[in-house]
Structure formats: structure tokens, C-alpha cells
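Throughout, a chain's letter reflects where its sequence line sits, starting with A, and its residues are numbered from 1.
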Amino acid sequence: VLGRPAIDEAIWEKIEEALMLSDMGWEVTTKLLDGLKERVAQGELNDPSLLIPALRERLMAVMGDGKGFDLRPHSKPWVIMVIGINGTGKTTTIGKLSHLYHRRGYRVLLAASDTFRAAGTEQLSLWAELSGADLVKNIPGADPASVAYDALEAAIGRGYDLLIVDTAGRLHTKVNLMEELKKIKRVLGKRLPGSPHEVLLVLDATTGQNAISQAKLFDQGVGITGLVLAKLDGTAKGGIVVAIKEKLGIPVQFVGTGEGIEDLEVFDPQEFLNALFE
Amino acid sequence: ELRDRLNGAFKKILGRGKLTERNISDSLREVRKVLLEADVNYKVAKEFIARVEEEAIGREVTQSITPGQEVIKVVYDQLVELLGGQPSPLRPTRGSKIMLVGLQGSGKTTTAGKLAKRFNSQGFKPLLVPADPYRPAAVDQLRILGESLGVEVYSPTKGEDPVKLCQRACNWVQSSGFDLLILDTAGRLHIDEEMMEELRQIKKAIAPEEILLVADAMTGQEAVRVADEFEAKLGIDGIILTKLDGDAQGGAALSMRAATGRPIRMVGVGEKPEDLEIFYPDRMASRILG
Ligand SMILES: Nc1nc2c(ncn2[C@@H]2O[C@H](COP(=O)(O)OP(=O)(O)OP(=O)(O)O)[C@@H](O)[C@H]2O)c(=O)[nH]1
Ligand SMILES: Nc1nc2c(ncn2[C@@H]2O[C@H](COP(=O)(O)OP(=O)(O)OP(=O)(O)O)[C@@H](O)[C@H]2O)c(=O)[nH]1
Ligand SMILES: [Mg+2]
Ligand SMILES: [Mg+2]
């Protein structure tokens, strides 16, 4: 026993700091630490060097149970709706997704349902060009649900494999804007039962605990099938997705790693945890 | 609600008397938790609590309030002070050049429009400069905003180098009756050395009076580092916090102010050009404390 370093308060503080700084939040951090302390108390972990691997193991259990995003469309057209608060990276992510599918030989149609923000349609139009996709759009101020509807009609009529619907950024706390989002989803589902087949919430990796509120309210509103964690090429670790997975069970499907068309990766929990523990 | 939690923590203290290290440690733990849940940076929160403890110990709890209330008062006052004490709104002078910088998607272009509207109505003749040649349709975005406000937007040539564009705009402003330059730059990472160098080049070329970091109010723990690096690598004169119309408590405000000492000048409270307000430290303190 002599000479073995102790698991002391200083070590717990260091671990707490690391988890907190990664944006995991107080609740998740405390839960993880309590779990570790319990195992130490039971004698399962008796050396400081065992703590991080144990922590990693626990986090892998939370983040790694998904089967990973299945990129293959299961019916035609496969409809993906992209939502999220302002400026998180929705439109750019759609450009990347569109390219990803185009490279695999699928015919992609994009719906410019952001008819609100200045140059929202122009921005998506450029991404359509860059990714080899076609675009259905309307004039600024047009009803977003009607653009989505027209796009779905076109997707069905002209045999596209995929339809990706871009929506305007909106704060989850704005009830009328959440109603608008529900309407878009309803209109899609009415025209093509089962659609939208995927509803992706795009989160900014630099966001703090507010991401939980975002996920909660967007999920309550339209139901989220997966998260895109954008801007992970910055210095933020994106620990908020751990809290979201723990509390709401929503998995991360993709990670955005830059502003270029290739900068989208399917979520790999090992990679994610590597970066977290760097 | 912090008040109830602190009163709960103090129930164990019988009688009144002075605040001691022992009897406030529980309440300080509660305060720290509130700050961390509000996204205040972990290290900033630690230092802040130490400061509060220092300030609170030895205080007499007067007859009229509870020890918990006394601690809240110290926390609130310290927060207000740390956030700047008094508002420090943007007050440009004729001929000023305002440069907006920040991470991707923080709200710079929209804020440029808001500033143009505000100063236009104050009698300035602003010129908007779209110095983002990278983001698809970024120039269109600012041009459309300018048009809706009746504010002139400088026209870059296709893919024009931002430094050259800013120099051109600056030279032109002096001879054409505009008295305020609002410069919108591309979003960039604080760790992208090439892009940070671009900002330094623009600063060197036109010497803006006001370089403002436009930051998202819901930024998490990284707020300290982002603000730190923009200050160290470029130098900023102030901060504008955006998207405060949401339910983010805004601990990033404290983190960024603590990290740089720069004032938070204005806040964005919506997507429309009129949605810009002066930053009030006391209102922000109440918001952070929930
Ligand atoms: N570094 C980095 N930047 C990104 C990433 N994804 C998007 N961006 C940038 O983030 C900014 C905002 O992206 P948009 O695609 O316009 O975001 P949005 O969610 O559609 O915005 P709104 O429609 O206005 O709500 C742009 O400058 C993008 O280039 C990413 O993974 N990494
Ligand atoms: N709700 C709300 N939305 C805002 C606010 N400020 C900006 N936005 C929105 O945030 C999104 C991003 O704004 P932009 O002005 O494009 O951000 P940016 O910093 O110029 O983005 P990049 O140039 O890509 O770095 C847009 O949807 C804006 O309408 C605000 O105060 N409140
Ligand atoms: Mg968009
Ligand atoms: Mg911009």
C-alpha cells in the first residue's frame, strides 16, 4: 500500500473541472463523479490511474449505444427536415449532407423553407449548386410550409431519392415560430405519410446549458430523430450532447468540422471521447 | 429560485449575528451551482465565489433581513460591479469606424444592420461594408438588410480581399458624405491564425475606433477562451451579446467581461433591425441569478 497515490479531493476537483469545462453541466458532472466515488468506496477503483478509463467507459455507455446514422434512404423520397435556433449551421449542414448523398449517387432535392431571413434562399441556392442538388424555392415572405409542400410534390413527381428541407433559425421559446415548424412537419406528413423520416436538430458546439432547453422544446414540438453537432472544429468540446443523451435520449448523428462542403462526419463516439479527454 | 435555496441553506443557522465562513459555505455552494448552471465559466465562478466570501464574511446581518438575503445582496452587488456597474452604450462620433468580429453565426451581419438603423435614426449617415467574401450570399444578406433600412451598402468586387475592400471603403467614405462606417467581417475561429491575421491586417489598414466582439449569449464554458483570444490576438473595445431574447441565462456575459475587462455595450434581443438594446449590468445580474 505504501507509495500508491491516493484518490484525494484534489483529484476529484480536477475531474470535476475537466467535465465542467467541456460543457457537460453541473447535473451530469455530479452524477458521473458520484458514480465514480461509489465505485471507489466499494473498492472497485483503488488507483487514480483507473478513474479516467472508468469515466470513459461510463460515457461510452451513454454515447455509444446508437447504431450510427444509417445513411441509406429507406423509401423514396426520403425526407430530412433540418431545424434549430438561429445561426447554428443548418443551411451549411444541408449543403454538406446534400454533397454526401450526391457522392453516393443519390438525386437530391432541397427545399428553401427559410423564407424569412435576408438571403436565406440565396445561400441555400449556392449550396445546391455546389453539391449538385436541385432546389425548390419561393419569394421572400412566402409560407414556409407551402414551399416544403411544393418541394415534396416535386420530389415525388420527379423521382428524387432525397428531399432535405431547410428551415429558418428560430428560438425554441417563440411559440408562434414553433407552431410554424409544426405546420411544416404536418404538411409534409399529410402529403407523404411517415415523412419527414428524419428531423435533425443542429446544435452549435459552443453552446452551453441552453442546448438542453433547445433540445427539449424542439423535441416536444416536432420530435427530433437526431442531433448534428456543428462547429466542433472550434475549441468547445460539445459536452452538452452527453447531457441531452442522458436526459432526453436523443443521439448525435453527425458532427460538423468546418465550413467546407466535405466537413461533415458521421458521429463516432470514440473520436468524440478522445477529443474530450485530450 | 436562488432566494429560496439560500434561505433553505440558512435555516440551519439559529439566530442572526454575523456571517461566518462556516455559516455561509452552504449558501456559497448554492450560488456557485446557480452560476455554473447559468453557463458562467468554471474558473470565473470559483474566483467570483471567493470574492463574494471575502466580501460577505464579518457582515452583520441586520434585523430586517435573513442571512440568506444578505448573501444574495453581496452576490448581486458583486455581479453588477463585475459586469461593469453602469451601462456603457455605443456612442460613436462623426467619422467613426465600427468593426464587428466574432465566431461563425454569432449575429454579426444582423447586428451590423441593427447598428445602421440605430445610428441612422440618430442622424448619422452610415455606410455598411460587407467584408465577408467567403460565406455564400453573405454580401447579399447585408445588401438586402441595407436596402430595407435605406442605408447604403458598399459594393465589393467579386471575391475582393477584405483588407483591400476596407481600405477602398474607408478612402471613399471620406469624400462622399458618410460619417459612420460599419464593417461586417466573416465569422471565424479564434484559433484560425490565418483568419485572425486577416483581422489584424484590416485593423492596421483602417484603424477602427471601435472593434466589437459579437458573441452569442448562450455560449458555454468556452466563452472565456474565445473572448481572451480575440482580445489578445486582435484587441477589442467592447462586446455585443446576441440572442438574449431566448431563455439562456447569459453567464457568458460574466465570463467574457471577467476575461477581457471590456464593456458589454449592447445586446441583441431579436432578429429585426430594431431589436438592439443597451446592456444594463443590473438587469443581466438578475437574469444570471434567475
Ligand atoms: N467552423 C465551422 N463553421 C460552421 C460549421 N457549420 C456552419 N458553420 C458556419 O456557421 C455560420 C452559420 O451557418 P448557417 O448555415 O448560415 O447557419 P443557420 O443555422 O442556417 O443560420 P440561420 O438560418 O440564420 O438560423 C456560417 O458562417 C457557416 O459557415 C462548422 O461545422 N464549423
Ligand atoms: N433571436 C435572435 N436571433 C438573432 C439575433 N441576432 C442575430 N440573430 C439571428 O442569428 C442568425 C445568424 O445571424 P448572422 O447575422 O447571419 O450571423 P453572423 O455572425 O453574421 O454569421 P457568419 O457571418 O456566418 O459568421 C440569423 O438567423 C439572425 O437572424 C438576436 O439578437 N436574436
Ligand atoms: Mg439557414
Ligand atoms: Mg455574417
More than 12 heavy atoms of other groups within 6.0 Å of [X] [atom1]:
X: A/K31; atom1: NZ; answer: no
X: B/R51; atom1: CZ; answer: no
X: A/K37; atom1: NZ; answer: yes
X: B/E194; atom1: CD; answer: no
X: A/E27; atom1: CD; answer: no
X: B/K272; atom1: NZ; answer: no

| Does B/D39 reach the main-chain N or O of A/Q209 with its side chain, forming a donor-acceptor pair under 3.5 Å? |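 Yes, the answer is positive, given that a donor and an acceptor are paired below the 3.5 Å cut-off.
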Closest heavy-atom pair and its distance - [X], [Y]:
X: A/D23; Y: B/G220; answer: OD1-CA, 3.5 Å
X: A/L126; Y: B/A137; answer: CD1-N, 3.5 Å
X: A/M20; Y: B/Q221; answer: O-CG, 3.1 Å
X: A/E13; Y: B/Y42; answer: O-OH, 4.0 Å

| said: Any carboxylate oxygen within less than 4.0 angstrom of a Lys/Arg side-chain nitrogen, looking at A/E16 and B/K46? | reply: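 A salt bridge is absent here (no side-chain N lies under 4.0 Å from a carboxylate O).
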| chain A contact via B/R143 - which portion, at a heavy-atom distance below 4.5 Å |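 Neither part, no heavy atoms under 4.5 Å.
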Pairwise distance [atom1]([X]) to [atom2]([Y]) - rounded to 0.5 angstrom:
X: B/D245; Y: A/L171; atom1: CG; atom2: CG; value: 5.0 Å
X: A/L21; Y: B/N41; atom1: CG; atom2: CG; value: 6.0 Å
X: B/T110; Y: A/N86; atom1: OG1; atom2: CG; value: 8.0 Å
X: A/D204; Y: B/S106; atom1: CG; atom2: OG; value: 9.5 Å
X: A/W26; Y: B/E37; atom1: CH2; atom2: CD; value: 8.5 Å

Flag side-chain contact, heavy atom, 4.5 Å: [X] against [Y]:
X: A/E122; Y: B/Q141; answer: no
X: B/L103; Y: A/T206; answer: yes
X: A/T207; Y: B/T219; answer: no

For [X] and [Y], test the side chains for any donor-to-acceptor distance below 3.5 angstrom and give the result as yes or no.
X: A/T235; Y: B/E222; value: yes
X: B/D247; Y: A/T173; value: no
X: A/E259; Y: B/Q104; value: yes

| Which region of A/I240, side chain (C-beta onward) or backbone (N, CA, C, O), has a non-hydrogen atom less than 4.5 Å from a non-hydrogen atom of chain B, or is it both or neither? | neither
| field | Part of A/K174 within contact of chain B (heavy atom distance under 4.5 Å) | value | side chain
